[in-house]
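Below is one structure, written out as structure tokens, with a few remarks after it.
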Amino acid sequence: MYALVDVNNMYVSCERVFRPWLAGRPVVVLSNNDGACIARSNEAKDLGVRMAQPWFEVRHLERAAGLVALSANFELYGDMSNRMMSIAAGVAPRQEIYSIDECFLDFDGVPGDLVALGRDLRRRVLQWTGLPTSVGFGTTKTLAKLANHVAKAADRTPGQPYDAKLAQVCDLGTLPPGERAAVLAATAAGDVWGIGPKTSAKLAEAGVHTVLDLVQADAAMLGRRFNVVVERTVRELQGTPCLAIDDAPEGNQQLMCSRSFGQPVPDLPTLIEVVSQFTVTVARRLREQAAVAGALQVFLATSPYRRHDRQHAPGATLRLPRATSDTRELVSAAVRTLRGIHRDGHNYLKAGVMLTDLQPAGRAQGALDLFDTAPAGGPGSDHGPHDSHHSGHRGGNHDGKGGGNDGSHTSTPAAPAGAARLMQTLDALNERFGRQAVTVASAVRPAAAPSRHASRQERRSPRYTTRLDEIAVARA
DNA sequence: TCTGGGGTCCTAGGACCC
DNA sequence: TCTGGGGTCCTAGGACCC
């Protein structure tokens, strides 16, 4: 038996923990640029605010309906997520953390009344973190997801067939067949995990509208007519597990950092600064996973909403001469790629850097020398054939910016080990003194120049749980 | 008349999720 | 004035191989 545990309106609920007066009021959390609504309280949903709806389209509701908007505070949400996840991990043998606000639990081998266990878990998370959750049970992950959906619907608008007894914690398997069929018939096929807008439109053409239709369908036939994803989803709904719990994720396959800007940015120097900053961020996250990247992609985009601007959305992928997690190599590669795709005279409104072909640092070709001096490497690590340096690749210019950093790499294999130590030191310094403490020169704006691209974040709450100087204060 | 056949790897794009 | 930022998996088609 699986459970899906999910925080209701996660970001809004996190804000409400520390601002209890927001309870019962319509609240939205805005995206990085204060541009769009990325989380909504139930009250905001009732006002008609849609997911990802631009803020300027709904801001009139501030006065008209008391809508409260907050800038995203991901540091807070991440920390609250960790607390919820560790509580949930305590009640089941296995846990898969599926997203910042959801996890699957695998109760295989656990005896007793699981729904009662789910209610206990819900109560505990609420008491210990202040976050309201919903819990859905099922014999497959897709059924657990579906039960979770029903638990939320029954909580918000109880009534037939979403009876109040299904609210908050729900196991459709416990219902009499007739009631269960009524619930399935009242739930749209598009509400099922894995059935998106395109697929549900096509399903409707084939006469499949509700979850009951899906359950009664011939999975193999839908598989031929659509694809294997649909087939698996139908089988899971019918009770045949096709998806396993993944409680030991291997790390990401790609890492991306991208942003929309507060203002259009046409000029190359500013884009170099921005892309350098993104690369610094994504390189730090790469090292956190003890991984290296084999390729790097840079992209730019103008705004399709600025109708009168010339549109341009270029991108390019650079295969790295050898997989690396060295910020300097990655920034150098990113800036080179950026120069290749940038064209003058375009109002770029978005840029991004993506690292792909990620591999564990220890297994990567050429990584031997990264950790060569680390005694922890031990006999377990794969010290393959001697790394041959591709001389000529790494001595390259740094676009005239960095200045000679060493020059020793052509003669001594100790240089990469030194690079690894340098990155460790860089990460340690930034961990201690803040992320901007030490960075590459191209990511820093000359002191006199104003920053035009910075994201707006005018409504961010304090980082109550992760910054001592922003900690919540209680007054008598 | 008749134009091999089977395999792998890579990439771009689509669809979906939160 | 102002329109999110991450991820995953699958498929089709091209390049290449023997």
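Note on naming: letters A, B, ... go to the chains in the order of the sequence lines (proteins, then strands), and numbering restarts at 1 for each one. Keep in mind it's a predicted model, so treat the numbers as computed, not measured.
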**OP:** Report yes if a side-chain nitrogen or oxygen of A:Arg306 is closer than 4.0 Å to either non-bridging phosphate oxygen (OP1 or OP2) of C:dC2; otherwise report no.
**Re:** yes
**OP:** Report the distance from atom CZ of A:Arg59 to atom C1' of C:dT3, rounded to the nearest whole Å.
**Re:** 13 Å
Subject >> From CA spacing to verdict: side-chain contact (heavy atoms from CB on, under 4.5 Å), A:Val29, A:Glu15 >> reply: CA-CA 9 Å; A:Val29 171; A:Glu15 300 287 352; 4.3 Å; yes
**OP:** Report the C-alpha separation of A:Tyr348 and A:Phe261 in whole Å, then their side-chain angles, then the decisive distance to 0.1 Å, and conclude whether the ring pair (Phe, Tyr, Trp, His ring centres under 6.0 Å) test is met.
**Re:** CA-CA 8 Å; A:Tyr348 294 108; A:Phe261 310 139; 8.7 Å; no
Original post:
Looking at the side chain of A:Lys145, which of C:dG7, C:dC2, B:dC18 is the nearest nucleotide?
Top reply: B:dC18
**OP:** Classify the ring geometry between A:Trp193 and A:Phe104 as parallel (under 30°), tilted (30 to 60°) or perpendicular (over 60°).
**Re:** tilted
Original post:
So what does A:Gln53 touch, heavy atoms closer than 4.0 Å: a base, only the sugar-phosphate, or nothing?
Top reply: nothing
**OP:** Just compare C:dG6, B:dC16, C:dG4 and give me whichever is closest to any side-chain atom of A:Met51.
**Re:** C:dG4
**OP:** May I ask you to evaluate whether A:Ser260 reaches the phosphate of C:dG5, defined as a side-chain N or O under 4.0 Å from OP1 or OP2?
**Re:** yes
Original post:
Which nucleotide sits closest to the side chain of A:Leu349: B:dC16, C:dG4, C:dT3?
Top reply: C:dT3
Original post:
Checking all strands, does A:Val192 fall into the base, sugar-phosphate, or nothing category for heavy-atom contacts under 4.0 angstrom?
Top reply: sugar-phosphate
Subject >> Residues A:Asp6, A:Lys152; criterion salt bridge (Lys or Arg N to Asp or Glu O under 4.0 Å); working and verdict >> reply: CA-CA 10 Å; A:Asp6 176 298; A:Lys152 284 202 180 74; 2.9 Å; yes
Original post:
Taking atom P in both C:dC17 and B:dT3, what distance in whole Å separates the two?
Top reply: 25 Å
**OP:** Whole angstrom is fine here: how far is it from OH in A:Tyr77 over to C1' in C:dG5?
**Re:** 14 Å
**OP:** Kindly point out which of C:dT3, C:dG7, B:dC18 is positioned nearest to the side chain of A:Asp101?
**Re:** B:dC18
**OP:** Going 5' to 3' through nucleotides 8-13 of chain B, assign each nucleotide B (protein heavy atom under 4.0 Å from a base atom), S (under 4.0 Å only from sugar-phosphate atoms) or - (no protein heavy atom that close).
**Re:** ------
**OP:** Looking at every strand, decide which applies to A:Ile100 at a 4.0 Å heavy-atom threshold: base, sugar-phosphate, or nothing.
**Re:** nothing
Original post:
Between atom CD in A:Gln254 and atom P in C:dG6, what is the gap in whole Å?
Top reply: 11 Å
Original post:
Of all the nucleotides listed (C:dG7, B:dA15, C:dC2), which has the minimum atom distance to the side chain of A:Thr199?
Top reply: B:dA15
**OP:** Give one of base, sugar-phosphate or nothing for A:Pro304, where a contact means two heavy atoms less than 4.0 Å apart.
**Re:** nothing
Original post:
Atom OH of A:Tyr98 and atom C1' of C:dG7: how far apart are they, to the nearest Å?
Top reply: 9 Å
Subject >> Considering all heavy atoms, the nearest A:Gln238-A:Ala219 contact >> reply: OE1-CB, 4.1 Å
Original post:
A:Lys141 NZ to B:dC18 P: how many Å, rounded?
Top reply: 12 Å
**OP:** Name the nucleic acid region contacted by A:Lys350, choosing base, sugar-phosphate or nothing; use a 4.0 angstrom heavy-atom cut-off, strictly under.
**Re:** sugar-phosphate
**OP:** Identify whether any heavy atom of A:Ser303 sits under 4.0 Å from a base atom; if not, whether one sits that close to sugar-phosphate; answer base, sugar-phosphate or nothing.
**Re:** nothing
**OP:** Hey, could you give me the SG/CE distance between A:Cys257 and A:Met354, rounded to the nearest 0.5 Å?
**Re:** 11.0 Å
Original post:
Is the shortest side-chain N to carboxylate O distance from A:Arg319 to A:Asp357 below 4.0 Å?
Top reply: yes
Original post:
What nucleic acid atoms does A:Leu30 come within less than 4.0 Å of, heavy atoms only: base, sugar-phosphate, or nothing?
Top reply: nothing
